[in-house]
Amino acid sequence: MLSSEFLSASNRLTIDLNALADNWRSMNARSGKARAAAVLKADAYGLGIEGAAPALYAAGARDFFVANAEEGADLRPLLPEARIYILAGMWPGNEPMFFDNDLVPVINSEEQLAVFMAALSERGDHPCVLHVDTGMNRLGLSVEEAVALANDPARPASFSPVLIMSHLACADDPDNPLNGYQLNRFREATAAFEGVDASLANSGGVFLGSDYHFDLTRPGIAVYGGEAVNDVANPMKPVVTAEARILQVRTVASGGHASYGASARFNRDSRIATVAVGYADGYHRSVSGGGVTLRQATPSGAFGFLHGQKVPHVGRVTMDLSLFDVTDLPENAVRAGDYIELFGRHIAVDDVARAGGTIGYEMLTSLGHRYERHYVGAV
Ligand SMILES: *Cc1c(COP(=O)(O)O)cnc(C)c1O
């Protein structure tokens, strides 16, 4: 019999706000003389801003970055006193959102500068951030444009950025020479804006050392417990644990198969747990144990964690369901209704990501809406 609790309860995300706060404090300490902001874009990397934002504010963060003005407007009521920066900047038509919600636009281009200046002349003073591209080639004025702007005698007195920023392309790879190149380019730009705070480092940049810290750092993934630097042990605490429920345990005789394409094949009598999670929950099809053509080069798929043991995913991840081979657990140990950990305390989110050829950032921001979210820990 299934209990009524099982019938009503869904998969769950447990979000440890103490670990989140500890990770932010750790990144703030690693930022040395600089203060650490927190990056809350994409609903706090999938964790949910309602839980994450107040916890980070309580930990001491006062500067917050989000992707666009809509995210900023959602964040403002949660953080009435914080400084909220909008990475995508201001566009014709969304200027009121910045003034109404006290949001600081990042100016990413000459066009955005013109939009911002026009808005200022209409509405009066407002802070902004100047983004300078130093090698990422994604957003920002060129260093030359920024220096020219700083030295332009016709520059309006009302244009006074509170921050000059740039973004590193290879911060996860400490030996990459592009890091030093970008640092030098950024120094050329900041020299032209004396007295203005500067910000270069994302999570990986914080680990590159004090040269990269300037006045404000912008850690995201490390605060959420993910890997910021390639090929070194991750020092952060896991924040998110994703667990899904087992719907059924079935046996497949040796020589049998399971899943679409009969892609899981068994050479021993096997017990297979059918779990209520799939790619619609961000458990990407590419983490499948087998049968995914484009991923044949990767030797194995993801593992789950169940009753103290790692168990392999088998066959293909489907929209709502996944199969795990639980044959190595004691018979009768696994029951319908049990939770299997997909990632979190025992399985690193980045290990699951690697099995699927992606990164922890994408796993977290793909979680979707079908999990019950449990926030634990004090705010
Ligand atoms: C997302 C983002 C960050 C945070 O990056 P992490 O690698 O998650 O630390 C910092 N700065 C900018 C401009 C970003 O877009």
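All of these numbers come straight from a predicted model, not from anything done at the bench. Start at 1 and go down the list; that is how both ligands and their atoms are numbered. All residue numbers in this chain count up from 1 along the given sequence.
Atom 5 (O) of ligand 1 has N202 CB, 3.4 Å as its closest protein atom, hydrogens excluded (heavy atom only). Protein heavy atom nearest atom 7 (O) of ligand 1, with residue, atom name and distance: Y361 OH, 2.6 Å. The closest protein non-hydrogen atom to atom 10 (C) of ligand 1 is R218 O, 3.5 Å. Regarding atom 8 (O) of ligand 1, its nearest protein heavy-atom neighbour is Y45 OH, 2.5 Å.
Of the heavy atoms in F65, none comes closer than 4.0 Å to ligand 1. When non-hydrogen atoms are compared, ligand 1 lies under 4.0 Å from the backbone of P219 (N, CA, C, O) but not from its side chain. At a heavy-atom distance under 4.0 Å, atoms from both the backbone and the side chain of I221 approach ligand 1. With a 4.0 Å heavy-atom cut-off, ligand 1 is reached by no atom of H131.
Between N94 and M90 the shortest side-chain heavy-atom distance falls below 4.5 Å.
Which of G140, A37, S203, A171 comes nearest to atom 9 (O) of ligand 1 through a heavy atom is settled by distance: it is S203. Looking at H167, M165, K41 and measuring to atom 15 (O) of ligand 1, the nearest heavy atom belongs to K41.
For the side chain to side chain donor-acceptor pair (under 3.5 Å) test with S166, the passing option among T134, T190, D133 is T134; the others fail.
Cation-pi contact between R30 and F207: absent, since separation from the ring centre below 6.0 Å together with deviation from the ring axis within 45° is not met. Judged by a 6.0 Å distance limit and a 45° cone about the ring axis, K310 is not positioned over the six-membered ring of F305.
Using the six-membered ring where Trp is involved, H126 and F99 have ring planes that are tilted, between 30° and 60° apart. Note: F324 and H313 have perpendicular aromatic rings, judged against thresholds of 30 and 60 degrees for the angle between ring planes.
Of the polar atoms of A222, none of the N or O atoms is found under 3.5 Å from an N or O of ligand 1, judged by distance alone. Of the polar atoms of G220, at least one N or O is found under 3.5 Å from an N or O of ligand 1, judged by distance alone.
Near V39, with a cut-off below 4.0 Å to any heavy atom, the atoms of ligand 1 are 3 (C), 4 (C). Proximity to R138 (heavy-atom distance under 4.0 Å) selects the following atoms of ligand 1: 15 (O).
Salt bridge absent: R345 and E243 never bring a charged side-chain N and a carboxylate O closer than 4.0 Å. With respect to R268 and D328, a salt bridge is recorded, a charged nitrogen being found less than 4.0 Å from a carboxylate O.
Y283 contributes atom OH, which lies 14.5 Å from atom CG of D320 (distance to the nearest 0.5 angstrom).
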